[in-house]
Amino acid sequence: MLRSVDDSTPVRSAPHAALTFTAPPEVRVLSDILPDDPLLMMGAGPVPIPEAVARANSVVINHLGATMSTIISQVKEMGRYVFQTKSEWVMGVAGPGSAAMEMAISNLVLPGHKVLCVVNGFFSARMAEMSRRLGAEVITFDVDGHHYAPADEVEALIAKHRPECLTIVQGETSNTVFNRELPAIARAAKKYGCLVIVDAVCTLSTMPLQMDDWQIDAVITGGQKGLSSIPGVSLIAFSNEAWDRINSRTTTNSHWCLDAKLAENFWHKGGYHYTAPVSGVLALHEALRLVCAETLEERFARHYRCSQALQNGIEAMGLRLFTPPTSRLNSVVGIAIPDGMNNADICAHISNRYHVEISGSFGLPMVRIGQMGEQCRAHNLFRTLHALGSTVRDMGGKVDLPASMATLEYSLHNALV
Ligand SMILES: *Cc1c(COP(=O)(O)O)cnc(C)c1O
């Protein structure tokens with residue numbers, strides 16, 4: 001940093017002159033810490049970001065005023081498109097996907113409410129835990145065996161318990177399960193006046209989600225997965241019915257930062273709630289703009305084509321996909337660990353040797369490769385699949401790498417989408 005001579009001249013009479021301070025720590029500069037050849041981020045998030053998103057993320061502007069107001073109104077407008085809703089209650093959240101999750105739940109669930117939580121894995125269990133912490137009476141429907149939740153079974157539970165809210169994840173990133181009957185589940189819940197909260201952190205903009213048509217009341221997403229933005233700035237949408245429930249609350253939300261009525265000041269009234277993470281909102285703006293430029297139809301087709309080709313390539317290598325086809329998520333692909341290996345070793349080797357980052361799992365015998373946003377590009381797929389096959393081979397496993405690469409190429413170019 002440049003300083004003038006005057007800046008660096010100590011002022012003997014400054015208020016702190018008589019104080020003693022501990023010495024500042026000696027740390028390494030970032031360029032010494034970060035690898036020269038950056039890792040290709042092909043795990044379960046965060047995912048690579050486009051250049052426009054990175055550039056926007058380096059800009060700081062006033063968090064209030066005319067420029068920000070234009071940005072906010074465009075983020076909401078693009079958010080409505082991505083969520084496929086006409087509801088005006090779209091907002092950004094400073095915080096991870098989990099903060100958006102807690103915002104949805106803490107504004108809609110009151111102490112003593114019954115909440116039916118469909119639990120397929122780690123992230124859907126988090127929504128049950130958040131509901132419990134709010135003092136709700138939580139009924140969990142634990143779906144075992146890495147399976148999607150069947151709509152008829154969920155509807156029977158709704159009819160029996162008559163919950164005020166239902167929570168469900170569209171794609172369970174933790175074990176790569178896809179809740180394919182989400183539309184029927186959401187519509188069934190609405191027949192009983194039950195509000196529906198959907199976690200679409202990994203799936204939004206990677207596969208269809210029709211908020212209005214499916215009658216969903218709150219959808220949440222993070223930045224760092226399907227949208228290919230930065231982590232730490234998230235997006236939420238409430239339906240009109242959800243907003244009515246928020247307006248009719250007689251007690252305030254105990255989470256001040258996550259209070260939707262306070263957030264309304266900033267996101268709808270040009271006022272102040274907390275200082276918005278302006279750079280992150282600009283990054284999110286660019287990520288959403290790129291989704292709009294691509295169109296949802298094209299983006300879903302790209303994700304489908306890439307994920308299918310990757311899955312075909314993995315199987316052609318001789319490895320096994322973790323989740324059965326009927327429940328399999330495309331946004332994150334789970335690969336069963338070959339006998340005698342463990343996921344920590346595989347992840348470490350592929351990262352150290354091939355500079356490709358993939359994810360282990362929460363105690364399950366699999367590794368995960370993400371297919372979200374920028375991860376769904378042919379050049380990333382070729383490099384990742386080759387690195388995975390080479391890793392298993394380096395570790396003494398048997399794989400057919402040429403067949404795998406040929407299958408990837410064939411599938412990418414002959415996909416029926
Ligand atoms: C990643 C993820 C979350 C949590 O998001 P954070 O940004 O880590 O809080 C929640 N749900 C799903 C489905 C996810 O994939």
Side-chain angles (χ1 to χ4, degrees), residues 40-50 52-53 78-79 81-84 97 123 148 169-180 182-183 198-211 214 219 221-229 235 284 286-315 321-323 325-335 356 358-359 368-385 388 407-417:
L40 179 60
M41 302 294 284
M42 294 298 285
V47 309
I49 55 175
V53 172
M78 294 187 291
Y81 170 67
V82 175
F83 289 121
Q84 288 289 288
F123 291 114
Y148 68 85
V169 65
Q170 184 178 29
E172 182 51 84
T173 321
S174 63
N175 57 9
T176 69
V177 166
F178 167 46
N179 266 326
R180 62 170 58 254
L182 169 63
V198 175
D199 172 348
V201 175
C202 95
T203 47
L204 195 77
S205 88
T206 74
M207 59 169 60
L209 182 138
Q210 310 272 78
M211 181 173 171
W214 299 354
V219 184
T221 197
Q224 77 279 19
K225 305 218 183 150
L227 291 179
S228 261
S229 184
L235 203 59
L284 181 62
E286 287 305 276
L288 290 167
R289 189 181 58 73
L290 292 171
V291 176
C292 293
E294 184 173 14
T295 75
L296 287 175
E297 293 89 330
E298 288 295 322
R299 194 172 172 92
F300 296 151
R302 171 164 65 87
H303 280 79
Y304 184 75
R305 178 171 60 240
C306 285
S307 185
Q308 293 299 316
L310 176 66
Q311 292 171 39
N312 293 341
I314 289 164
E315 290 187 315
L321 296 169
F322 189 82
T323 305
T326 48
S327 298
R328 188 179 297 156
L329 182 63
N330 285 327
S331 319
V332 182
V333 176
I335 303 142
V356 174
I358 65 171
S359 300
R368 293 173 300 155
I369 296 179
Q371 281 298 275
M372 298 176 279
E374 290 306 298
Q375 293 175 323
C376 296
R377 302 285 179 199
H379 53 276
N380 291 338
L381 291 179
F382 280 101
R383 182 167 157 201
T384 303
L385 191 64
L388 176 72
T407 301
L408 176 62
E409 162 66 16
Y410 182 84
S411 300
L412 279 174
H413 291 277
N414 293 280
L416 298 171
V417 289

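This structure is a prediction, so every number in the text was calculated from the model and none was measured.
Taking Val201 as the reference, Asp199, Ile220, Lys225 meet the side-chain contact (heavy atoms from CB on, under 4.5 Å) condition, with sequence neighbours excluded. Residues satisfying the side-chain hydrogen bond (donor to acceptor under 3.5 Å, both in side chains) criterion with Gln371, sequence neighbours excluded, are absent altogether. Evaluation of the side-chain hydrogen bond (donor to acceptor under 3.5 Å, both in side chains) rule for Asn312 yields Ser411 as partners, not counting sequence neighbours. Phe322 is linked by a ring-ring contact (aromatic ring centres under 6.0 Å, His included) to His146, counting only residues two or more places apart in sequence or in another chain. Listed by chain and number, the residues in a side-chain contact (heavy atoms from CB on, under 4.5 Å) with Arg180 are Tyr148, Phe178 (sequence neighbours excluded). Take Tyr81 and apply the side-chain contact (heavy atoms from CB on, under 4.5 Å) test, not counting sequence neighbours, and it matches Gln84, Cys292, Thr295, Leu296, Glu297. Take Arg289 and apply the salt bridge (Lys or Arg N to Asp or Glu O under 4.0 Å) test, not counting sequence neighbours, and it matches Glu286. Remark: Ser228 engages no residue in a side-chain hydrogen bond (donor to acceptor under 3.5 Å, both in side chains) (not counting sequence neighbours). By the salt bridge (Lys or Arg N to Asp or Glu O under 4.0 Å) test, Glu294 pairs with Arg299, Arg302, sequence neighbours left out. In this structure, Thr221 has no side-chain hydrogen bond (donor to acceptor under 3.5 Å, both in side chains) partners at least two apart in sequence or on a different chain. Remark: Arg328 engages no residue in a salt bridge (Lys or Arg N to Asp or Glu O under 4.0 Å) (not counting sequence neighbours). Residues satisfying the side-chain contact (heavy atoms from CB on, under 4.5 Å) criterion with Ile49, sequence neighbours excluded, are Val53, Ala54, Ile230.
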**OP:** List the steps and the verdict of side chain to side chain contact (heavy atoms under 4.5 Å, CB included) for Glu315 and Leu321.
**Re:** CA-CA 7 Å; Glu315 290 187 315; Leu321 296 169; 3.6 Å; yes
**OP:** Apply side chain to side chain contact (heavy atoms under 4.5 Å, CB included) to Thr173 and Phe123, showing your working.
**Re:** CA-CA 8 Å; Thr173 321; Phe123 291 114; 3.8 Å; yes
Subject >> Intermediate values then yes/no, side chain to side chain contact (heavy atoms under 4.5 Å, CB included), Leu385 and Leu310 >> reply: CA-CA 7 Å; Leu385 191 64; Leu310 176 66; 4.0 Å; yes
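Side chains of Ser331 and Thr203: no donor on one and acceptor on the other come within 3.5 Å.
The side-chain heavy atoms of Leu182 and Gln170, taken from C-beta on, include a pair separated by under 4.5 Å. When side chains are defined from C-beta on, Phe382 counts as touching Glu409, because their heavy atoms get closer than 4.5 Å. Inter-residue side-chain proximity for Leu209 and Val82 is flagged as unmet; no heavy-atom pair is nearer than 4.5 Å. At least one side-chain heavy atom of Leu381 sits under 4.5 Å from a side-chain heavy atom of Leu412.
The heavy-atom pair separating Cys202 from Gly171 by the smallest distance is SG-O, 3.8 Å. The two atoms that bring Thr407 and Gly313 nearest to each other are CG2-N, 4.0 Å, heavy atoms only. Looking at every heavy atom in both residues, Ala44 comes nearest to Ser359 through N-OG, 2.8 Å. Here the closest heavy-atom approach between residue Val333 and residue Ser307 is recorded as CG2-OG, 3.7 Å. Of all the heavy atoms in Val219 and Ala200, the pair that sits closest is CG1-CB, 3.8 Å.
Separating the CD1 atom in Ile314 from the CD1 atom in Ile335 is a distance of 3.5 Å, to the nearest 0.5 Å. Interatomic distance, Glu374 CD to Leu227 CG, rounded to the nearest 0.5 Å: 11.5 Å. In this structure, CE on Met42 lies 3.5 Å from OG1 on Thr384, to the nearest 0.5 angstrom. Taking CD1 of Ile369 as the reference point, atom CG of Leu388 lies at 5.0 Å (rounded to 0.5 Å). Here the straight-line distance linking atom OG of Ser205 with atom CZ of Phe83 works out to 10.0 Å at 0.5 Å rounding.
Other residues, nucleotides and ligands contribute only 12 or fewer heavy atoms inside 6.0 Å of the CD atom of Glu298.
Counting only distance, with no hydrogens or angles, the side chain of Asn330 and the backbone of Gln308 share no donor-acceptor pair below 3.5 Å. Without hydrogens or angle criteria, His303 side chain to Gly373 main chain gives a donor-acceptor distance under 3.5 Å. The closest donor-acceptor contact from the side chain of Gln375 to the backbone of Gly43 lies under 3.5 Å. Side-chain atoms of Glu172 never come within 3.5 Å of backbone atoms of Asn179 as a donor-acceptor pair (strictly under, hydrogens ignored).
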